[in-house]
Number of protein chains: 2
Amino acid sequence: MTTLPVSDAELLRLDHQVCFSLHAASRAFGNVYRDALKELGLTYPQYLVMLVLWEHGPEPVKSIGERLRLDSGTLSPLLKRLETAGLVHRERSPEDERSVIIRLTGAGEELRERALPVPRRMMAATGLTVDELRTLRSLLGRVTGALDEA
Amino acid sequence: MTTLPVSDAELLRLDHQVCFSLHAASRAFGNVYRDALKELGLTYPQYLVMLVLWEHGPEPVKSIGERLRLDSGTLSPLLKRLETAGLVHRERSPEDERSVIIRLTGAGEELRERALPVPRRMMAATGLTVDELRTLRSLLGRVTGALDEA
DNA sequence: CGCAAGTTAGTTGTGCACAACTCAATTGAC
DNA sequence: GTCAATTGAGTTGTGCACAACTAACTTGCG
(Lines give C-alpha, C1' and ligand atoms only; values in the text may rest on other atoms or scores of the structure.)
Protein backbone atom coordinates (compact mmCIF):
# COMPACT_ATOMS: atom_id res chain seq x y z
CA MET A 1 0.00 0.00 0.00
CA THR A 2 1.86 3.12 -1.24
CA THR A 3 0.98 6.57 -0.04
CA LEU A 4 1.99 9.96 -1.36
CA PRO A 5 3.82 12.20 1.11
CA VAL A 6 1.41 14.04 3.40
CA SER A 7 2.04 17.49 4.84
CA ASP A 8 1.73 18.19 8.55
CA ALA A 9 -1.13 20.59 7.92
CA GLU A 10 -3.03 17.97 5.99
CA LEU A 11 -2.47 15.43 8.73
CA LEU A 12 -3.93 17.74 11.32
CA ARG A 13 -6.90 18.51 9.12
CA LEU A 14 -7.46 14.80 8.52
CA ASP A 15 -7.43 14.14 12.24
CA HIS A 16 -10.00 16.85 12.85
CA GLN A 17 -12.17 15.46 10.11
CA VAL A 18 -12.02 11.93 11.46
CA CYS A 19 -12.86 12.94 15.02
CA PHE A 20 -15.63 15.20 13.86
CA SER A 21 -17.01 12.60 11.43
CA LEU A 22 -17.13 10.08 14.22
CA HIS A 23 -18.90 12.49 16.52
CA ALA A 24 -21.37 13.48 13.80
CA ALA A 25 -22.03 9.88 12.69
CA SER A 26 -22.70 8.82 16.25
CA ARG A 27 -25.28 11.56 16.68
CA ALA A 28 -26.81 10.83 13.28
CA PHE A 29 -27.26 7.19 14.32
CA GLY A 30 -28.81 8.34 17.56
CA ASN A 31 -31.35 10.43 15.69
CA VAL A 32 -32.41 7.59 13.40
CA TYR A 33 -32.57 5.13 16.30
CA ARG A 34 -34.72 7.62 18.18
CA ASP A 35 -37.38 7.25 15.50
CA ALA A 36 -36.97 3.50 15.06
CA LEU A 37 -37.26 2.88 18.82
CA LYS A 38 -39.93 5.46 19.60
CA GLU A 39 -42.80 3.00 19.31
CA LEU A 40 -40.96 0.62 21.64
CA GLY A 41 -40.56 3.40 24.21
CA LEU A 42 -36.79 2.85 24.33
CA THR A 43 -33.77 5.11 23.87
CA TYR A 44 -30.71 3.72 22.11
CA PRO A 45 -28.71 3.09 25.32
CA GLN A 46 -31.77 1.42 26.84
CA TYR A 47 -32.05 -0.72 23.68
CA LEU A 48 -28.40 -1.75 24.09
CA VAL A 49 -29.12 -2.92 27.64
CA MET A 50 -32.17 -4.86 26.44
CA LEU A 51 -30.05 -6.53 23.72
CA VAL A 52 -27.64 -7.73 26.39
CA LEU A 53 -30.47 -9.13 28.48
CA TRP A 54 -32.23 -10.73 25.50
CA GLU A 55 -29.00 -12.43 24.47
CA HIS A 56 -27.48 -13.39 27.82
CA GLY A 57 -30.35 -13.56 30.30
CA PRO A 58 -30.20 -12.18 33.85
CA GLU A 59 -26.98 -10.31 34.51
CA PRO A 60 -25.56 -8.22 37.35
CA VAL A 61 -25.15 -4.50 36.72
CA LYS A 62 -21.39 -5.00 36.65
CA SER A 63 -21.50 -7.40 33.68
CA ILE A 64 -23.84 -5.18 31.71
CA GLY A 65 -21.48 -2.28 32.31
CA GLU A 66 -18.50 -4.29 31.11
CA ARG A 67 -20.25 -5.42 27.92
CA LEU A 68 -21.37 -1.89 27.06
CA ARG A 69 -18.41 -0.06 28.61
CA LEU A 70 -20.73 1.99 30.82
CA ASP A 71 -20.26 2.78 34.51
CA SER A 72 -22.76 2.66 37.35
CA GLY A 73 -23.33 6.40 37.18
CA THR A 74 -24.88 5.89 33.75
CA LEU A 75 -26.48 2.49 34.29
CA SER A 76 -28.13 3.01 37.68
CA PRO A 77 -30.64 5.68 36.59
CA LEU A 78 -31.09 4.02 33.18
CA LEU A 79 -31.99 0.69 34.80
CA LYS A 80 -34.30 2.46 37.20
CA ARG A 81 -36.17 3.90 34.20
CA LEU A 82 -36.39 0.44 32.61
CA GLU A 83 -37.78 -0.85 35.91
CA THR A 84 -40.34 1.96 36.06
CA ALA A 85 -41.33 1.05 32.49
CA GLY A 86 -41.97 -2.51 33.72
CA LEU A 87 -39.35 -4.10 31.45
CA VAL A 88 -36.83 -5.32 34.04
CA HIS A 89 -36.75 -6.41 37.64
CA ARG A 90 -33.89 -5.70 40.07
CA GLU A 91 -32.94 -8.03 42.91
CA ARG A 92 -29.96 -8.37 45.24
CA SER A 93 -27.80 -11.40 44.61
CA PRO A 94 -28.12 -13.98 47.43
CA GLU A 95 -24.43 -14.96 47.15
CA ASP A 96 -23.07 -11.42 47.11
CA GLU A 97 -25.30 -8.79 48.67
CA ARG A 98 -23.35 -6.01 46.95
CA SER A 99 -24.44 -7.26 43.53
CA VAL A 100 -27.79 -6.42 41.88
CA ILE A 101 -29.14 -8.87 39.30
CA ILE A 102 -31.13 -7.39 36.39
CA ARG A 103 -33.80 -9.76 35.08
CA LEU A 104 -36.33 -9.27 32.25
CA THR A 105 -40.01 -9.17 33.17
CA GLY A 106 -42.61 -10.82 30.94
CA ALA A 107 -43.16 -7.49 29.20
CA GLY A 108 -39.40 -7.19 28.71
CA GLU A 109 -39.23 -10.61 27.07
CA GLU A 110 -42.22 -9.82 24.85
CA LEU A 111 -40.70 -6.56 23.65
CA ARG A 112 -38.07 -8.63 21.86
CA GLU A 113 -40.52 -9.61 19.13
CA ARG A 114 -41.37 -5.99 18.38
CA ALA A 115 -37.68 -5.06 18.31
CA LEU A 116 -36.76 -7.67 15.67
CA PRO A 117 -37.33 -5.48 12.59
CA VAL A 118 -35.30 -2.57 13.98
CA PRO A 119 -31.77 -3.70 12.99
CA ARG A 120 -32.74 -4.25 9.36
CA ARG A 121 -34.18 -0.77 9.11
CA MET A 122 -31.04 0.71 10.64
CA MET A 123 -28.73 -1.21 8.35
CA ALA A 124 -30.63 -0.10 5.26
CA ALA A 125 -30.48 3.50 6.51
CA THR A 126 -26.66 3.46 6.54
CA GLY A 127 -26.50 3.02 2.77
CA LEU A 128 -23.36 0.88 3.07
CA THR A 129 -22.67 -2.55 1.63
CA VAL A 130 -21.97 -5.52 3.87
CA ASP A 131 -18.26 -5.35 3.02
CA GLU A 132 -18.14 -1.67 3.87
CA LEU A 133 -19.91 -2.29 7.17
CA ARG A 134 -17.31 -4.95 7.94
CA THR A 135 -14.46 -2.54 7.15
CA LEU A 136 -16.05 0.18 9.23
CA ARG A 137 -16.62 -2.11 12.18
CA SER A 138 -13.03 -3.33 12.00
CA LEU A 139 -11.52 0.17 11.87
CA LEU A 140 -13.75 1.38 14.70
CA GLY A 141 -12.83 -1.60 16.82
CA ARG A 142 -9.11 -0.93 16.35
CA VAL A 143 -9.55 2.77 17.11
CA THR A 144 -11.49 2.04 20.29
CA GLY A 145 -8.90 -0.49 21.40
CA ALA A 146 -6.03 1.92 20.79
CA LEU A 147 -7.82 4.81 22.51
CA ASP A 148 -8.63 2.66 25.53
CA GLU A 149 -4.89 2.17 26.03
CA ALA A 150 -4.29 5.88 26.57
CA MET B 1 -15.35 -7.22 -4.97
CA THR B 2 -17.10 -10.55 -4.49
CA THR B 3 -18.99 -11.30 -1.34
CA LEU B 4 -20.25 -14.59 -0.02
CA PRO B 5 -23.96 -14.78 0.72
CA VAL B 6 -24.74 -13.54 4.20
CA SER B 7 -27.49 -14.93 6.36
CA ASP B 8 -30.17 -12.70 7.81
CA ALA B 9 -28.99 -13.47 11.30
CA GLU B 10 -25.43 -12.49 10.46
CA LEU B 11 -26.58 -9.30 8.80
CA LEU B 12 -28.52 -8.28 11.86
CA ARG B 13 -25.64 -9.11 14.16
CA LEU B 14 -23.19 -7.18 12.00
CA ASP B 15 -25.45 -4.18 12.12
CA HIS B 16 -25.53 -4.27 15.87
CA GLN B 17 -21.79 -4.44 15.99
CA VAL B 18 -21.37 -1.45 13.70
CA CYS B 19 -23.79 0.75 15.62
CA PHE B 20 -22.31 -0.29 18.92
CA SER B 21 -18.74 0.10 17.67
CA LEU B 22 -19.56 3.61 16.53
CA HIS B 23 -21.13 4.47 19.85
CA ALA B 24 -18.18 3.02 21.76
CA ALA B 25 -15.56 4.66 19.53
CA SER B 26 -17.22 8.03 19.91
CA ARG B 27 -17.15 7.75 23.69
CA ALA B 28 -13.55 6.47 23.65
CA PHE B 29 -12.54 9.54 21.65
CA GLY B 30 -14.41 11.73 24.11
CA ASN B 31 -12.49 10.23 27.01
CA VAL B 32 -9.09 10.78 25.38
CA TYR B 33 -10.03 14.31 24.35
CA ARG B 34 -11.11 14.98 27.93
CA ASP B 35 -7.52 14.42 29.05
CA ALA B 36 -5.93 16.22 26.09
CA LEU B 37 -8.15 19.29 26.57
CA LYS B 38 -8.20 19.37 30.36
CA GLU B 39 -5.31 21.82 30.66
CA LEU B 40 -7.04 24.11 28.16
CA GLY B 41 -10.23 24.03 30.23
CA LEU B 42 -12.29 22.89 27.22
CA THR B 43 -14.63 19.98 26.54
CA TYR B 44 -14.60 18.38 23.09
CA PRO B 45 -17.77 20.14 21.85
CA GLN B 46 -16.38 23.44 23.15
CA TYR B 47 -13.13 22.68 21.30
CA LEU B 48 -15.12 22.10 18.10
CA VAL B 49 -16.72 25.54 18.46
CA MET B 50 -13.30 27.11 19.06
CA LEU B 51 -11.95 25.38 15.91
CA VAL B 52 -14.75 26.96 13.89
CA LEU B 53 -13.99 30.41 15.29
CA TRP B 54 -10.21 30.03 14.88
CA GLU B 55 -10.68 29.05 11.25
CA HIS B 56 -13.54 31.30 10.14
CA GLY B 57 -13.51 34.28 12.51
CA PRO B 58 -16.69 35.82 14.00
CA GLU B 59 -19.80 33.83 13.16
CA PRO B 60 -23.48 33.93 14.13
CA VAL B 61 -24.79 31.08 16.27
CA LYS B 62 -26.73 29.80 13.26
CA SER B 63 -23.59 29.28 11.14
CA ILE B 64 -21.75 27.52 13.94
CA GLY B 65 -24.75 25.25 14.38
CA GLU B 66 -24.80 24.40 10.68
CA ARG B 67 -21.09 23.62 10.55
CA LEU B 68 -21.25 21.36 13.61
CA ARG B 69 -24.81 20.09 13.07
CA LEU B 70 -25.84 21.32 16.51
CA ASP B 71 -29.02 23.19 17.39
CA SER B 72 -29.50 26.25 19.58
CA GLY B 73 -30.59 24.14 22.54
CA THR B 74 -27.08 22.70 22.66
CA LEU B 75 -25.12 25.76 21.55
CA SER B 76 -26.74 28.47 23.68
CA PRO B 77 -25.62 27.14 27.06
CA LEU B 78 -22.28 25.96 25.64
CA LEU B 79 -21.54 29.44 24.27
CA LYS B 80 -22.61 30.96 27.56
CA ARG B 81 -20.00 28.80 29.32
CA LEU B 82 -17.32 29.87 26.82
CA GLU B 83 -18.30 33.49 27.50
CA THR B 84 -18.07 32.93 31.27
CA ALA B 85 -14.60 31.42 30.69
CA GLY B 86 -13.64 34.67 28.92
CA LEU B 87 -12.94 32.99 25.56
CA VAL B 88 -15.72 34.50 23.42
CA HIS B 89 -17.85 37.59 23.29
CA ARG B 90 -21.51 37.65 22.22
CA GLU B 91 -23.13 40.63 20.49
CA ARG B 92 -26.36 41.20 18.60
CA SER B 93 -25.92 41.76 14.87
CA PRO B 94 -26.65 45.40 13.90
CA GLU B 95 -28.20 44.35 10.56
CA ASP B 96 -30.40 41.59 11.97
CA GLU B 97 -31.33 41.91 15.61
CA ARG B 98 -32.38 38.26 15.74
CA SER B 99 -28.82 37.14 15.09
CA VAL B 100 -26.06 36.88 17.73
CA ILE B 101 -22.44 37.12 16.55
CA ILE B 102 -19.87 35.04 18.42
CA ARG B 103 -16.41 36.64 18.45
CA LEU B 104 -13.15 35.43 20.03
CA THR B 105 -11.68 37.50 22.86
CA GLY B 106 -7.92 38.04 23.15
CA ALA B 107 -7.74 35.06 25.49
CA GLY B 108 -9.71 33.01 22.96
CA GLU B 109 -7.25 33.88 20.18
CA GLU B 110 -4.30 33.10 22.41
CA LEU B 111 -5.65 29.68 23.35
CA ARG B 112 -5.08 28.62 19.75
CA GLU B 113 -1.32 28.34 20.32
CA ARG B 114 -1.80 26.02 23.26
CA ALA B 115 -4.28 23.91 21.29
CA LEU B 116 -1.92 23.29 18.37
CA PRO B 117 -0.30 20.07 19.71
CA VAL B 118 -3.68 18.45 20.51
CA PRO B 119 -4.55 16.97 17.07
CA ARG B 120 -1.19 15.27 16.72
CA ARG B 121 -1.59 13.58 20.08
CA MET B 122 -5.09 12.45 19.16
CA MET B 123 -4.03 11.10 15.81
CA ALA B 124 -1.21 9.10 17.35
CA ALA B 125 -3.65 7.72 19.93
CA THR B 126 -5.88 6.22 17.21
CA GLY B 127 -3.16 3.83 16.09
CA LEU B 128 -4.34 4.00 12.46
CA THR B 129 -2.35 4.75 9.33
CA VAL B 130 -3.10 7.76 7.15
CA ASP B 131 -4.78 5.54 4.57
CA GLU B 132 -6.94 3.95 7.20
CA LEU B 133 -7.92 7.32 8.59
CA ARG B 134 -8.92 8.38 5.07
CA THR B 135 -11.03 5.26 4.64
CA LEU B 136 -12.65 5.75 8.02
CA ARG B 137 -13.46 9.38 7.31
CA SER B 138 -14.94 8.46 3.95
CA LEU B 139 -17.15 5.68 5.32
CA LEU B 140 -18.32 7.82 8.24
CA GLY B 141 -19.14 10.69 5.91
CA ARG B 142 -21.26 8.41 3.72
CA VAL B 143 -23.05 6.92 6.72
CA THR B 144 -23.85 10.33 8.16
CA GLY B 145 -25.10 11.55 4.81
CA ALA B 146 -27.35 8.53 4.32
CA LEU B 147 -28.68 8.69 7.88
CA ASP B 148 -29.46 12.39 7.54
CA GLU B 149 -31.78 11.49 4.65
CA ALA B 150 -34.03 9.40 6.89
C1' DC C 1 -48.81 50.61 5.40
C1' DG C 2 -50.12 46.39 8.33
C1' DC C 3 -50.22 41.96 9.55
C1' DA C 4 -49.18 36.80 8.65
C1' DA C 5 -45.44 33.76 8.00
C1' DG C 6 -40.90 32.58 8.58
C1' DT C 7 -36.35 33.04 10.97
C1' DT C 8 -33.09 33.21 15.00
C1' DA C 9 -31.95 32.65 19.86
C1' DG C 10 -33.10 31.23 23.99
C1' DT C 11 -35.68 28.29 27.61
C1' DT C 12 -37.38 24.04 29.63
C1' DG C 13 -37.48 19.23 30.32
C1' DT C 14 -35.61 14.53 29.61
C1' DG C 15 -31.96 11.46 29.15
C1' DC C 16 -26.99 9.98 28.43
C1' DA C 17 -21.98 10.20 29.99
C1' DC C 18 -18.60 10.59 33.30
C1' DA C 19 -15.93 12.19 37.55
C1' DA C 20 -15.92 12.13 42.36
C1' DC C 21 -17.94 10.63 46.12
C1' DT C 22 -20.61 7.59 49.77
C1' DC C 23 -22.00 3.30 51.78
C1' DA C 24 -22.42 -1.50 52.51
C1' DA C 25 -20.60 -6.06 51.70
C1' DT C 26 -16.68 -8.84 50.94
C1' DT C 27 -11.93 -10.27 50.90
C1' DG C 28 -7.38 -10.73 52.50
C1' DA C 29 -3.30 -9.79 55.39
C1' DC C 30 -1.90 -10.39 59.75
C1' DG D 1 -10.67 -13.48 64.29
C1' DT D 2 -9.95 -8.55 63.29
C1' DC D 3 -9.45 -4.76 60.64
C1' DA D 4 -7.78 -2.43 56.39
C1' DA D 5 -8.31 -2.56 51.50
C1' DT D 6 -11.19 -3.68 47.73
C1' DT D 7 -15.46 -4.18 45.24
C1' DG D 8 -20.37 -3.13 43.61
C1' DA D 9 -24.08 -0.02 43.46
C1' DG D 10 -25.81 4.24 44.03
C1' DT D 11 -25.72 9.59 44.47
C1' DT D 12 -24.38 14.22 43.14
C1' DG D 13 -22.82 17.60 40.02
C1' DT D 14 -21.45 19.11 35.36
C1' DG D 15 -21.98 19.10 30.61
C1' DC D 16 -23.77 17.45 25.96
C1' DA D 17 -27.87 16.38 22.86
C1' DC D 18 -32.30 17.05 21.34
C1' DA D 19 -37.52 17.92 21.32
C1' DA D 20 -40.87 21.26 22.11
C1' DC D 21 -41.72 25.59 23.10
C1' DT D 22 -41.42 30.95 23.52
C1' DA D 23 -40.03 35.63 22.29
C1' DA D 24 -38.15 38.92 19.32
C1' DC D 25 -37.26 40.33 14.98
C1' DT D 26 -37.58 40.43 9.72
C1' DT D 27 -39.81 39.86 5.41
C1' DG D 28 -43.22 39.78 2.07
C1' DC D 29 -47.92 39.72 0.59
C1' DG D 30 -52.27 42.12 0.47
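Numbered from 1 within each chain, the chains take letters A, B, ... in sequence-line order.
For the pair A:L79 CG and C:dA17 C1', the interatomic distance rounds to 14 Å; values are reported in whole Å. In this structure, B:F29 atom CZ and C:dC18 atom P are separated by 15 Å, rounded to whole Å.
Within residues 90-100 of chain B, the residues having any heavy atom under 4.0 Å from DNA chain C are, by residue number, B:R90, B:R98, B:S99, B:V100. DNA chain C lies under 4.0 Å from at least one heavy atom of each of the following residues of residues 60-78 of chain B: B:P60, B:V61, B:K62, B:S72, B:G73, B:S76. Listed in residue order, the members of residues 30-45 of chain B having a heavy atom less than 4.0 Å from DNA chain D are B:T43, B:P45. Applying a 4.0 Å cut-off to non-hydrogen atoms, none of the residues of residues 18-27 of chain A approaches DNA chain C.
Contacts of B:E91 classified as salt bridge (Lys or Arg N to Asp or Glu O under 4.0 Å), with partners at least two apart in sequence or in another chain: B:R103. With sequence neighbours excluded, no residue forms a salt bridge (Lys or Arg N to Asp or Glu O under 4.0 Å) with A:K80.
Taking 4.0 angstrom as the limit, A:K80 places a side-chain polar atom (N or O) nearer than this to OP1 or OP2 of D:dT11.
With hydrogens and angles ignored, the 3.5 Å screen pairs a side-chain donor or acceptor of A:T126 with a backbone N or O of A:M123. Looking only at distances, a side-chain donor or acceptor of B:S21 sits under 3.5 Å from a matching main-chain atom of B:Q17. Judged by distance alone, the side chain of B:Q46 and the main-chain N or O of B:T43 form a donor-acceptor pair under 3.5 Å. Here the side chain of B:T144 pairs a donor or acceptor atom with the backbone of B:L140 at under 3.5 angstrom. A distance-only check finds a donor-acceptor pair linking the side chain of A:T105 to the backbone of A:L87 [under 3.5 Å].
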Residues A:H56, A:R67; criterion side chain to side chain contact (heavy atoms under 4.5 Å, CB included); working and verdict = CA-CA 11 Å; A:H56 300 282; A:R67 292 188 195 280; 3.4 Å; yes
May I have the step-by-step check of side chain to side chain contact (heavy atoms under 4.5 Å, CB included) for B:H23 and A:F29, ending in yes or no?
-> CA-CA 9 Å; B:H23 195 67; A:F29 253 114; over 6 Å; no
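Ion pairing between a basic and an acidic side chain is recognised when a charged N comes within 4.0 Å of a carboxylate O; B:R92 and B:E97 show no such pairing.
With respect to B:L70, the side-chain contact (heavy atoms from CB on, under 4.5 Å) criterion is satisfied by exactly one of B:V49, B:I64, B:L48, B:L75: B:L75.
At a threshold of 4.5 Å between non-hydrogen side-chain atoms, the residues B:V61 and B:I101 do not count as touching.
B:Y47 and A:H16 are linked by a side-chain donor-acceptor pair at a separation below 3.5 angstrom, with hydrogens and angles left out of the test.
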